[in-house]
Amino acid sequence: MRLSQMLFVTLRDDPADAEIPSHKLLLRAGYIRRVGSGLYAYLPLMWRVLQKVSQIVREEMNATGAQECLLPQLQPADLWKESGRWDTYTKAEGIMFSLIDRREQQLGLGPTHEEVITAIARDMIRSYRQLPLHLYQIQTKFRDEIRPRFGLMRGREFIMKDGYSFHADEASLKETYQDMYKAYSNILRRSGLAFRAVEADSGAIGGSGSTEFMILAEAGEDEVLYTEDGKYAANVEKAVSLPIDAETSRFTSYEKRDTPGTETIEKVCQLLNSSPTQLVKNVLYQTVYDNGLTVLVLVSIRGDQEVNEVKLQNELTKLASEYGAKTIISLNVPNLEAQQVWTAKSLPLGYIAPDIADEYITATKQIHPKFLRLVDQTAVDLKNFATGANEAGYHVVGANWGEQFKLPSSIVDIRKARPGDRAIHNPEQNLASARGIEAGHIFQLGTKYSQAMGATYTNEQGEEKPLFMGCFGVGVSRLAQAAVEQSYDKDGIIWPVAIAPYHAIVTIPNIKDAQQIEIAQKLYTELNQAGIETLLDDRDERAGVKFKDADLIGIPYRIVTGRAIANGKVEIVERATRKSQEIVIDEVTTTLKQWITEAIQVKN
């Protein structure tokens, strides 16, 4: 392609609304163009990158026996109501675009396709002889992000590969899960990216085991905790660890202490001259279930620890059926305005004890009359601890479970693991932290959707059984931007060779020099005929402008038909290393072919 004929406009300054380097560079280099909040046009260069990524994805998926299909973007709400996720996606998370058509039917734009594919399987799979079956698609998806940001990282429209597998049993599901673990690793490796596979929370998708594939980058929104021995890595939402040991309590007897102005852990520990590891803090949460019921949750946890709200939400979701519900609409620490809805009297905030009375709750049909009390494992074994006294300005010290306070029956692990914590698999290993961009996620869904939607098969004994399901997603457009976030410099993008829009760019420094033009056009034709995807910068621009643009758009190899042609050579500059060397003109094609092959093979 000749740059003079391409839709190609670069910017010298960073766009005002771009926040992270990859977003700025893709806009400046003319890869994408913003057309609305969270909405971007993929311009010719970007579309070639996306096609490269998609082709790698297809090759790896097809190699596992998965079959490509295409599912409707517009989905009936009835299917989502069958699975119980309509309210979750339209109200709780609020990420689905929902609409009503002219027939007054509710519809949604698909952020994901579990319901659609399960309905298809329900209609078409009858026998164990049809299993296992794995279908995938590469398609535009939609999320109604409240605050779209970072370009293609968190947009409202994006390209994604999602796949769904169906099995007769869990053992077969686990085999495909492992196949996908390998396939996803291959996809990222072949794309030239440094990544880490980590244990993850299943979130609104549901199911049991799940793994995220994180592209390592400082601008990543996710925190990954890992051990240097390579035996453990998890998203911070999922991570588990051993906290530091609690110090021995300095209190030997139970008593009430006057502690005015100590609403924070730091202040009360300073006043009591006590370690936060010997204090039980009690955090109040308000959760609303999908049947409209509000339940007040009191979490007791060791004073030096933080509540992991993802883990907490998972625990509360497990209890939904006990409250006549299916899922959670919201979970938060109630502010004063929210408290006024249900409090019978003013709460002693900052001084709450594990046994705060249910009398503080004004019960109604929509407000559960009792606190749900949970205790984190870190607080269970404490002896002679300090905690609130249920009275503003007072704490108690020397308290014990089973004596002054009843130990809640629900003992849970809802603490947030932190860098420096000891690893469970080997306490001699400490957790370290890295930032990552989630590019892929694989789930073992089990029978969550098949049972809810009646998707069954007949086994060898003639019995009707629910299908076991897996779900596997790769963010194609996100992966492309993440590659930029992982590899750039002050001058622009540095594309991995495998997914670069073009392998090489031939630059003519002086468009008025007939010999430069002749050699450039000759090389341009030869390279493309040899399968080396090549751009020709034949614009009537200064050489410096062309060199800057070549660096900005990040093409792996730049061929310059400059002064070296007098010696029968051209200059070739490698974008990643900036190494420059002069190559005999007749050897350019074979040399570049070898370099490109080697660069791609290194990642395979």
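Using a 30° and 60° split on the angle between ring planes, F142 and F97 fall in the perpendicular class, above 60°. Classification of the F371-W342 ring pair by plane angle, with boundaries at 30° and 60°, yields perpendicular.
With salt bridges taken as basic N to acidic carboxylate O contacts below 4.0 Å, one links D17 and R34. R149 has a carboxylate O that lies under 4.0 Å from a charged side-chain N of E221, or vice versa, which qualifies the two as a salt bridge. Taking a cutoff of 4.0 Å between a charged side-chain nitrogen and a carboxylate oxygen, K141 and D162 qualify as a salt bridge. Ion pairing between a basic and an acidic side chain is recognised when a charged N comes within 4.0 Å of a carboxylate O; E533 and K52 show such pairing.
Within 6.0 Å of atom CD in E337, 12 or fewer heavy atoms from other residues, nucleotides or ligands are found, so the atom counts as exposed in its surroundings. In the displayed structure, D123 atom CG is contacted under 6.0 Å by more than 12 heavy atoms of other residues, nucleotides or ligands. Within a 6.0 Å sphere centred on CZ of R147, other residues, nucleotides and ligands contribute 12 heavy atoms or fewer. In I146, the CD1 atom is not crowded: 12 or fewer heavy atoms of neighbouring residues, nucleotides or ligands sit closer than 6.0 Å.
Annotation: cation-pi pair R48/Y502 present, NZ/CZ under 6.0 Å from the ring centroid and within 45° of its normal. Under a cutoff of 6.0 Å and an axis angle of 45°, R196 and Y226 form a cation-pi pair.
Partner of Y449 under the side-chain hydrogen bond (donor to acceptor under 3.5 Å, both in side chains) criterion, chosen from E115, R85, R122: R85. Screening R156, H23, E157, R33 against Y40 for a side-chain hydrogen bond (donor to acceptor under 3.5 Å, both in side chains) leaves a single residue, H23.
Sorted by first and then second residue, the side chain to side chain donor-acceptor pair (under 3.5 Å) pairs with a member in residues 360-375 read D358-R373; sequence neighbours excluded.
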*Chi angles and distances behind the side-chain contact (heavy atoms from CB on, under 4.5 Å) call for E485, I20*: CA-CA 8 Å; E485 194 62 45; I20 59 175; 3.5 Å; yes
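Take P111 and apply the side-chain contact (heavy atoms from CB on, under 4.5 Å) test, not counting sequence neighbours, and it matches W80, Y89, M96, R143.
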